[in-house]
Number of protein chains: 2
Amino acid sequence: METDNATPRWLTEDEQCAWRTHLAVNRLLTYQLEKDLQPFGLTYNDYEILVNLSESESLRMRMSDLATATLQSKSRLSHQITRMENAGLVRRENCESDRRGLYAVLTDEGLATMQKVAPHHVASVRKHYIDLMTPEALATLRATLGPIADHLHAQRGKA
Amino acid sequence: METDNATPRWLTEDEQCAWRTHLAVNRLLTYQLEKDLQPFGLTYNDYEILVNLSESESLRMRMSDLATATLQSKSRLSHQITRMENAGLVRRENCESDRRGLYAVLTDEGLATMQKVAPHHVASVRKHYIDLMTPEALATLRATLGPIADHLHAQRGKA
DNA sequence: ATCCATTGGTTCAGTATTCAACTTTCTAGG
DNA sequence: CCTAGAAAGTTGAATACTGAACCAATGGAT
């Protein structure tokens with residue numbers, strides 16, 4: 001039984017500030033990346049799918065793997081892929097080894113789009129994030145955030 | 001004129017890894033916080049509105065200030081406040097000094113909700129983020145991210 | 001005083017996301 | 001074999017978000 005009424009450990013001023021900075025960076029960065037992708041008619045979600053597929057063997061991935069990789073629900077991914085299919089970036093293909101399964105496959109057009117957009121996206125990530133830190137700061141950041149990511153990943157399965 | 005066809009500066013392996021960690025932490029953390037708020041019937045957006053209002057003079061804020069503070073569009077905020085109004089957490093009130101304007105005002109119920117939920121939310125932030133770092137790491141993080149936030153804020157106004 | 005460009009906010013239509021229900025196929029246990 | 005679950009995906013209805021169009025009030029200019 002947890003003691004619900006214990007005095008909570010509020011955040012110190014420094015913690016508060018760090019936390020708010022974290023939130024701000026996230027939101028603003030998401031906004032900016034999305035904005036930089038917009039001229040190409042892609043959302044960040046679209047782009048992420050393209051990245052995943054383009055890095056995969058045979059440019060294809062099982063729907064559920066893709067859902068896991070992008071941390072989306074099956075439903076959401078299904079809708080997303082339908083949209084991208086309509087846009088000609090991707091196509092669904094049956095899976096022989098498991099007849100329940102489907103592959104999302106990158107089309108030629110999808111690949112071409114990816115190749116065209118990627119440099120701009122990387123430039124955007126550099127401009128608004130990576131290149132704003134020294135390599136040491138980046139390494140430290142990674143060392144700090146890595147374990148947090150692991151914790152959150154572990155947490156995710158639970159309950 | 002920018003040279004579009006210049007060889008892009010791809011991310012190094014370290015940079016790539018740091019970037020992906022960043023993305024993962026964001027997404028997973030958002031997911032987790034949202035999940036921890038769910039038992040109270042609040043979304044993270046709801047909670048953020050409550051925080052802003054509860055920290056304001058007279059527990060009220062102008063719609064547009066609230067939109068700016070939470071980085072949402074006017075439209076989205078308007079919908080959001082409508083929902084929260086229906087839930088009894090907030091109420092709209094006219095502004096005498098500027099008859100175009102409206103205040104979003106925290107109701108008693110909204111304040112009570114805030115007071116009930118805040119300790120749990122703070123605990124969640126600690127558990128999944130703050131307490132996973134040493135104070136030094138946190139300070140470093142803040143020092144690194146602060147300028148990025150500033151850059152992004154400045155960027156935001158443009159174009 | 002009058003005009004008009006801004007600001008504050010809402011609304012509507014289109015699009016995206018969520019959540020639960022459903023179909024089909026696979027797997028394990030008897 | 002046969003059956004009960006579990007897993008892979010889709011679908012549909014309800015909810016949320018976006019972007020443009022809109023109305024009303026403001027604040028300067030002239």
Side-chain angles (χ1 to χ4, degrees), chain A residues 27 30-39 41-49 52-53 60-87 89-105 156-157 159, chain B residues 27 30-35 37-39 41-49 52-53 56 60-87 89-105 156-157 159:
Chain A
R27 217 128 19 144
T30 303
Y31 168 83
Q32 189 65 48
L33 293 181
E34 198 90 38
K35 185 170 151 190
D36 290 348
L37 238 24
Q38 202 156 332
L42 294 178
T43 65
Y44 189 78
N45 282 331
D46 295 334
Y47 185 80
E48 201 179 11
I49 302 285
N52 274 278
L53 293 180
R60 75 191 53 218
M61 274 178 90
R62 287 288 296 272
M63 291 296 277
S64 52
D65 293 339
L66 198 46
T68 302
T70 59
L71 301 173
Q72 302 187 33
S73 70
K74 286 157 179 271
S75 171
R76 179 173 170 177
L77 180 67
S78 183
H79 288 299
Q80 168 89 32
I81 293 294
T82 300
R83 267 175 264 138
M84 292 179 75
E85 204 168 17
N86 291 336
L89 299 171
V90 139
R91 125 181 71 87
R92 276 182 239 245
E93 215 168 271
N94 288 16
C95 172
E96 294 136 34
S97 63
D98 184 343
R99 264 179 303 183
R100 293 168 299 182
L102 288 175
Y103 285 107
V105 188
R156 190 160 151 66
Chain B
R27 217 128 21 143
T30 303
Y31 168 82
Q32 188 63 48
L33 294 181
E34 199 89 39
K35 185 170 150 190
L37 238 23
Q38 201 156 331
L42 294 178
T43 65
Y44 189 78
N45 282 330
D46 294 335
Y47 184 79
E48 201 179 9
I49 302 286
N52 274 279
L53 293 180
S56 296
R60 74 191 54 218
M61 274 177 90
R62 287 290 298 271
M63 292 296 277
S64 52
D65 293 339
L66 198 46
T68 303
T70 59
L71 299 173
Q72 302 188 32
S73 69
K74 286 157 180 270
S75 171
R76 180 171 171 178
L77 180 67
S78 184
H79 287 302
Q80 169 88 33
I81 293 295
T82 300
R83 266 175 265 138
M84 292 179 76
E85 204 168 17
N86 292 334
L89 299 171
V90 139
R91 122 181 73 87
R92 276 182 239 244
E93 215 168 272
N94 287 16
C95 172
E96 295 136 33
S97 62
D98 183 343
R99 264 178 304 182
R100 291 167 301 183
L102 288 175
Y103 285 107
V105 187
R156 191 162 152 66

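In what follows, chains are A, B, ... by sequence order, proteins preceding strands, each numbered from 1. Both backbone and side-chain heavy atoms feed into the values below; hydrogens, waters and symmetry mates do not.
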Side chain to side chain donor-acceptor pair (under 3.5 Å) between A:Asp46 and A:Thr43, worked out: CA-CA 5 Å; A:Asp46 295 334; A:Thr43 65; 3.1 Å; yes
According to a strict under-4.0 Å criterion, is [X] in side-chain N/O contact with OP1 or OP2 of [N]?
| X | N | value |
| --- | --- | --- |
| A:Arg62 | D:dG9 | yes |
| B:Lys74 | C:dG9 | no |
| B:Arg83 | D:dT15 | no |
| A:Asn45 | C:dT17 | yes |

Please tabulate, one pair per line, each protein N/O and nucleotide N/O from nucleotides 3-5 of chain D that are separated by under 3.5 Å, including the distance.
none

Sugar-phosphate only, base, or nothing, as touched by A:Asn94 at under 4.0 Å among non-hydrogen atoms: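 No contact at all - A:Asn94 keeps every heavy atom at 4.0 Å or more from the nucleic acid.
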Extract from the structure each pairing of a protein N or O with an N or O of nucleotides 23-29 of chain D at less than 3.5 Å, listing the distance.
unit_1	atom_1	unit_2	atom_2	d
D:dT26	OP1	B:Arg99	N	3.0

Residue pair B:Leu53 / B:Ala104: nearest heavy atoms and the distance that separates them: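 So the minimum-distance heavy-atom pair works out to CD2-O, 3.4 Å.
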Heavy-atom pair with the smallest gap, counting every atom of A:Ala69 and A:Asn52: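 Nearest heavy atoms, A:Ala69 then A:Asn52: CB-OD1, 3.6 Å.
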Might you list the N or O atoms of the protein lying below 3.5 Å from N or O atoms in nucleotides 19-22 of chain C, with each pair's distance?
unit_1	atom_1	unit_2	atom_2	d
C:dC19	N4	A:Ser75	OG	2.5

Out of C:dT10, C:dT17, C:dG9, whichever nucleotide has its closest atom nearest the side chain of B:Ser78: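 Selected nucleotide: C:dT10.
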Side chain of B:Met63 - closest among D:dG9, C:dG9, D:dC17: C:dG9
